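Notes follow once the structure below has been shown.
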Amino acid sequence: MSDTEHAYDHTTVERRWQDRWDDEGVYRTPDDAEDPTYVLGMYPYPSGKLHMGHVRNYTITDAYARFRRMCGDDVLHPMGWDAFGLPAENAAKERDTNPHDWTMDCIDTMREQMRSMGFGYDWEREITTCTPDYYRWNQWLFTRFHEEGLVERRDADVNWCSSCETVLADEQVEGDAELCWRCDTPVEQRELDQWFLAITEYADELLDSIDELEGWPDSVRQMQRNWIGRQEGTRLPFEVQDPDGDDHGTVEAFTTRADTAYGATFFALAPGHEITQAVAERDDDVAHFVEEEADPDGEEPNGVATDLTATNPVTGEELPVYVADFVLSDVGTGALMGVPGHDERDHEFASALGLDIRPVVAPDEDEIPDVSESAYTDDGVVVNSGDYSGLDSETAREQITADTAGAETTTQYRLRDWGISRQRYWGTPIPVVHCDDCGPVMVPDEALPVELPEFINTTGNPLDAAEEWKRATCPDCGDEATRETDTMDTFVDSSWYFLRYVSPELSDAPFDRERSNEWLPVDQYVGGDEHAVMHLLYSRFFTKVLADAEGLAHREPFENLLAQGMVQLDGAKMSKSVGNTVSPQRIVEEYGADTARLFIMEAAQPARDFDWSEQGVRSTRAFLDRLHEQVSALTEGSYDGKRGTTAEYVDSEIDAAVAIAADEYDDLRFNVAVREAQNLSRTLAGYVEYVDAPHAETVERGLNAVVSLLAPVAPHLAEELWTTLGHDEFVAEAAWPAGGDAETATARRDLVENTREDVRDIVDVAGIEDPERIDVTVTPDWKYEALGIAIESDAPNVISELMSEPSIREQGDAAASYGQTLQENREALTRPLDPETEYETLRRAAWLIEREFDAAVRVQTADADDAGHAEPGRPAIDITE
RNA sequence: GCAGGGAUAGCCAAGUUAGGUCAAAGGCGCAGCGUUCAGGGCGCUGUCGUGUAGACGUUCGCAGGUUCGAAUCCUGCUCCCUGCACCA
């Protein structure tokens, strides 16, 4: 695309200002800044190229950061790299390089792309998680967690991706088909020694304090609640015996419906339960079922009878024990009491196997439900339950739990401890050595960081192949020992990176405590909602642990969270595999970064999805070109008019735009804020075109405002025009322009717009072909006074109160009639602009009506008796043909 | 199934937290006019119905209710989206 069809060369302009900002350190945040506004976009994984999602994400934070800076705040707006992770290993293998070099190359490329977008970061605070300077603190924090008793090593069934050759967190397994989140390979189960962080210790606080996260979207809060999945219930102990009377011990079963204990007609074990395993060894049917038939994903619940019995601890009844595939090892205790009368799934199972189905809960005492066809699952009144009959479900649960030996109320969570072990190279080495005598031992702080060895290209875990690196001595006994070869989940890195920005160079602690206490929490966090659970939950967890263990004064990391919407193409998510992407680089080359940024921001509110539109981009660019021309026209110096009433109108519109845009920016409604700037530009153009000799100062003030209002979103052109307008400083560092208050501004606009619409209505309805003169008469003072009295008054009838006011009484019939109107609308009265402001507003806006109807417009006060039916907020209009 | 969020004029979408200038912002589409005007772009206007002076009528998923007054509050229903789920 040639630049000749544009009013300015974006490449030159954008480079120029990027260089100047760098030279002057405009976006630096000094360490002594006082409680800066902390604006943060989720740091990217350095895949090599920015995509539109990144552009949108970082344009949002950049615009907000710039706006806050113009409002006079100190701002902290840093950027960094989520630089560990599997793709780097894969890429390194493909390209015959190593993860480190590949990652660093990607970072260089992306940093340059960010620079070309004009994002104003404090690059002095840049962090890169794959550098020892960063990941040593992961190790240090791991040790602190260990000291707090929050690290556990245990044998665990883990999700294993055979393609990635690594363990996956539950959150990284997707869908019913259980596919790896990265490569879509079906996930297998394996048993391995794993390192866990005890996030469940904080489950209650993580759940309860969600309520206070008022700056977060409801959807994210709800997802976290679901994920934690707290459930109150009862643990009941069932004695399990085989036919010979041999005891298999007590099996605990968790239930939320202890009130249905009398309805239990069977007991069921998971195929993976240890008793099941024991029985399978001597019982071929059970073995066959476990091996061949059990299908936890199947629609139908399947099961097989055993020769065991379980004693219902509430009733003493002997229940048959089944092995059933709908019982899951990792839910509850892997065993349950079956109550087919009051649980859908148990009902289905009992029906299939011909087991008893008993109603023990009823809607009310005289109405025993028919449970032969389907379960009655609501709470109600307990029946057929011995001494408990007649109690409501809630009370029965409490009573049964209290009366039953060995029963206790417990809380169960869906949330599991966080397995952080990964059998991969490109991550933080877990700082542990294994000693034959002492077992696993923490690497002491002074020996940190445990640095990664050279990359070895192998199919398994490269750390396992690094023989020399693996050799270590035990910190406790000094004997030979072996290094732990697991690395940490990269979500560990991102769980505290927002703290590192505060003091990125600090060498004796991960973060400066005092400064963090002042600078945190992040005031505005922005990112995609694919991180709604994992990253955001882990970050909250880390913050709470650091508050308890390291004196951090905050228990929540992110005060306000914005989950930005997707940039789509034809209604579909942009995706490399589908091939429907738009390259930010191409857009920047063709139209410039300002155009890309402005288009994205005006297209929709930041939380919404929207469609990319090349035509929208073009018209955005056209707007910037017109603005450039507007400024050039002003500086050519041919505007030599006086400040007439039209200019006064323009002035009030400038105030209005500034005030409204400020409110909208503050609430992150960039699309509305930007529209104010564009409308103001339009108003200025209309003014220049309408009057013979525009008033240069007014136009200048207006263009200054337009440029200021656009500066957060289109910063390069804004700087360029700001200079053209004669300013020496950066617009990035300029103060937000002074304006009026948004409420009055809106009231004035409404008055003008309503009046113009009324004129149109009249002309249209009355069929006036060619209006010659239009008289607009503002309300008489006494009506305004009367309205004020009526609003204040709490008398049942205001008319007498109005008539006690001489200035109103002397209006005679008119006063009585208006008083009547007021009385009828008593409850709905609102205070309008005062008559003087109204008069002034309309006088200034008269040119709009003149222009539209090509008629003389006369705005007058109502001191004459021709006020007609003018009312406050509603001038009388008289049109002469 | 559970939970959360929704349903607004041809389409997209504000407004609902604090009921009253709300026939209801803005955008798109469509139509008319203008721009020394092919088109495009840009600007102005219109876009539920009726109406020869700014009015009236009907409307905010469906059905009721509260209120002087409801897009907004309450109850029930229908449908859509998102998350979770053989979760005991």
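So you know, we letter chains A, B, ... as the sequences are listed, proteins then strands, and number each from 1. A quick note: this is a predicted structure, and the numbers were derived from the prediction, not measured.
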Counter-base of B/G41, judged by Watson-Crick or G-U geometry with both distances under 3.5 Å:
B/U35
Using the rule ring-ring contact (aromatic ring centres under 6.0 Å, His included), only one of A/Phe289, A/Phe349, A/Phe267 pairs with A/Tyr322; which is it?
A/Phe349
Contact list for residues 674-688 of chain A, test salt bridge (charged side-chain N to carboxylate O under 4.0 Å, His left out), sequence neighbours left out
A/Glu676-A/Arg749
For A/Arg831, give me all partners under side chain to side chain contact (heavy atoms under 4.5 Å, CB included), at least two apart in sequence or on another chain.
A/Tyr784, A/Ile791, A/Glu792
So what does A/Arg826 touch, heavy atoms closer than 4.0 Å: a base, only the sugar-phosphate, or nothing?
nothing
State plainly whether the residues A/Arg760 and A/Glu852 are in salt-bridge range, i.e. N to O under 4.0 Å.
yes
So does A/Glu629 pair up with A/Arg626, basic N to acidic O under 4.0 Å?
no
Which pairs count as side-chain hydrogen bond (donor to acceptor under 3.5 Å, both in side chains) when at least one residue sits in residues 871-881 of chain A, sequence neighbours excluded?
A/Asp758-A/Arg874
Among B/A88, B/G54, B/G20, find the nucleotide with the atom closest to the side chain of A/Ala828.
B/G20
Mark up nucleotides 6-15 of chain B, 5' to 3', with B wherever a protein heavy atom is under 4.0 angstrom from a base atom, S wherever such an atom reaches only the sugar-phosphate, and - elsewhere.
-------SS-
Which part of the nucleic acid, if any, lies within reach of A/Leu829 when heavy atoms closer than 4.0 Å are counted: base, sugar-phosphate only, or nothing?
nothing
Contact state string [nucleotides 21-39 of chain B, B base, S sugar-phosphate only, - no protein heavy atom under 4.0 Å]
B----S-------------
Return the pairing partner of B/A18 with a 3.5 Å limit on both distances, Watson-Crick or G-U wobble; otherwise return none.
none
Describe the nucleic acid contact of A/Pro771 in one word from base, sugar-phosphate, nothing, applying a heavy-atom distance below 4.0 Å.
nothing
Counting Watson-Crick and G-U wobble pairs only, both distances under 3.5 Å, name the nucleotide matched with B/U59, or none.
none
Contacts of type ring pair (Phe, Tyr, Trp, His ring centres under 6.0 Å), residue A/Tyr413, not counting sequence neighbours
none
Once you apply the 3.5 Å cut-off to both distances, tell me the Watson-Crick or G-U wobble partner of B/G46, or none.
B/C30
Closest to the A/Ser619 side chain: B/C86, B/C42, B/C44?
B/C42
Set of residues satisfying salt bridge (Lys or Arg N to Asp or Glu O under 4.0 Å) with respect to A/Asp346, sequence neighbours excluded:
none
How would you list, by chain and number, every residue that makes a side chain to side chain contact (heavy atoms under 4.5 Å, CB included) with A/Ala846, sequence neighbours excluded?
A/Val857, A/Val859
Pairing partner (Watson-Crick or G-U wobble, both distances under 3.5 angstrom) of B/C84:
B/G1
For RNA chain B, which residues in residues 253-262 of chain A have a heavy atom at a distance below 4.0 Å?
A/Phe254, A/Thr255, A/Thr256
Lys/Arg N to Asp/Glu carboxylate O, A/Arg257 vs A/Asp379, below 4.0 Å
yes
Ignoring backbone atoms, test whether A/Arg756 places a side-chain nitrogen or oxygen under 4.0 Å from the OP1 or OP2 oxygen of B/U45.
yes
Check RNA chain B against residues 760-770 of chain A and give the residues with a non-hydrogen atom under 4.0 Å, in numerical order.
A/Arg760, A/Asp761, A/Ile762, A/Val765, A/Ala766
Not counting sequence neighbours, which residues clear ring pair (Phe, Tyr, Trp, His ring centres under 6.0 Å) with A/Phe254? List them please.
none
So what does A/Glu852 touch, heavy atoms closer than 4.0 Å: a base, only the sugar-phosphate, or nothing?
sugar-phosphate
Quantified in whole Å, what is the C1' atom distance between nucleotide B/G29 and nucleotide B/U36?
30 Å
Sort me out a list of protein N/O and nucleotides 1-5 of chain B N/O pairs below 3.5 Å, or just none if empty.
residue, atom, partner, partner atom, Å
B/A3, O2', A/Gln222, NE2, 2.5

